[in-house]
Amino acid sequence: MTLDLIFSAVLLVFSVYCFFYIGGADNGTPTELGAAAWPRVILTLMIILLIVGIVNMFRKKNGKLPVSGEGFRAFLHSKLLIGMIICAVTAIILPYIGFIPTSFLFLMAYGVLLGERRPVVLLVTGVVATLILYIIFQGPLSIFLPRGYGFFRSFALTMEGFIGMIPGL
């Protein structure tokens with residue numbers, strides 16, 4: 001419980017910092033959303049949910065803050081920490097290997113973390129979800145997705161060519 005509270009508080013402070021930091025880079029106009037609009041919407045929702053979570057933690061314990069080393073040890077062996085590591089690695093490798101392979105690897109790794117053990121299900125889910133995300137970001141949202149460098153850039157351009165051949169996209 002203590003670790004959850006500390007994690008939520010740190011994440012809340014970081015989210016508020018990011019909200020204002022991103023706001024300084026906004027290039028939107030009164031009639032058009034800028035580059036910072038969607039990240040700020042997501043951060044606003046995250047800040048609200050973190051505040052609600054922190055308040056609920058205190059309400060469950062009647063305002064008392066339990067301190068325990070067991071909570072920290074449990075956190076080190078939890079799926080939450082592994083999920084955070086997977087997300088961090090994904091964020092680090094995204095610019096280098098591009099969106100398509102990163103998204104596929106992320107979905108496969110998270111599927112394993114959530115308990116899926118069938119390789120065919122992991123492969124199909126990873127490919128289909130990556131394709132859907134790519135189409136949504138490149139199509140209606142018009143968001144540039146990183147292509148990576150070297151071989152990965154060539155791979156991304158080839159995949160974009162194949163996806164572009166699908167009628168209606």
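Predicted model only: the values in this text are computed from it and were never measured.
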S.K.: Tell me which pairs pass side chain to side chain donor-acceptor pair (under 3.5 Å) where either residue lies in residues 91-101, with sequence neighbours left out.
M.R.: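 Residue pairs with at least one partner in residues 91-101: there are none.
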S.K.: Cluster question for you: counting only ILVMFWY and a side-chain heavy-atom cut-off of under 4.5 Å, with indirect links fine, are Phe99 and Ile92 together?
M.R.: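 As far as the 4.5 Å side-chain criterion goes, Ile92 and Phe99 are not connected within one cluster.
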S.K.: Before giving the answer on side-chain contact (heavy atoms from CB on, under 4.5 Å), spell out for Val89 and Leu105 the whole-Å C-alpha distance, their side-chain angles and the decisive distance to 0.1 Å.
M.R.: CA-CA 10 Å; Val89 169; Leu105 293 172; over 6 Å; no
S.K.: Side chains of Ile97 and Phe151: closer than 4.5 Å at any heavy-atom pair?
M.R.: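 No, every pair of side-chain atoms sits at 4.5 Å or beyond.
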S.K.: Any chain of hydrophobic side-chain contacts (each under 4.5 Å) joining Ile47 to Val13?
M.R.: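 In one cluster: no.
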S.K.: Answer whether the closest heavy-atom distance between the side chains of Leu107 and Thr130 falls below 4.5 Å.
M.R.: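 Of all side-chain heavy-atom pairs linking Thr130 with Leu107, at least one is under 4.5 Å.
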S.K.: Give the minimum heavy-atom separation between Cys87 and Tyr110, together with the two atoms involved.
M.R.: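 Of all heavy-atom pairs spanning Cys87 and Tyr110, the closest is SG-CE1, 4.4 Å.
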S.K.: Identify which one of Ile86, Leu94, Ile93 satisfies the side chain to side chain contact (heavy atoms under 4.5 Å, CB included) criterion when paired with Phe106.
M.R.: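 With Phe106 as partner, Ile86, Leu94, Ile93 yield a single side chain to side chain contact (heavy atoms under 4.5 Å, CB included), made by Ile86.
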S.K.: Spell out, yes or no, whether Val128 and Ile100 are grouped together once hydrophobic residues are joined by side-chain heavy atoms under 4.5 Å, including indirect joins.
M.R.: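 Yes, Val128 connects to Ile100 through the hydrophobic network.
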S.K.: Quick one: side chain to side chain contact (heavy atoms under 4.5 Å, CB included) partners of Ser154, sequence neighbours excluded?
M.R.: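 So Ser154 forms no side chain to side chain contact (heavy atoms under 4.5 Å, CB included) with any residue.
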S.K.: Partners of Val112 by side chain to side chain contact (heavy atoms under 4.5 Å, CB included), sequence neighbours excluded?
M.R.: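 Result, side chain to side chain contact (heavy atoms under 4.5 Å, CB included) vs Val112: Arg117, Leu122.
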S.K.: Give the cluster check for Ile132 versus Tyr134: same hydrophobic cluster or not, with ILVMFWY residues linked at side-chain heavy-atom distances below 4.5 Å.
M.R.: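 Ile132 and Tyr134: one cluster.
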S.K.: What are the two closest non-hydrogen atoms of Pro101 and Phe152, and how far apart are they?
M.R.: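 Closest pair (atom of Pro101, atom of Phe152, distance): CG-CD2, 4.1 Å.
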S.K.: Would Val16 and Met46 show up in the same hydrophobic cluster when neighbours are defined by side-chain heavy atoms closer than 4.5 Å?
M.R.: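 Same cluster.
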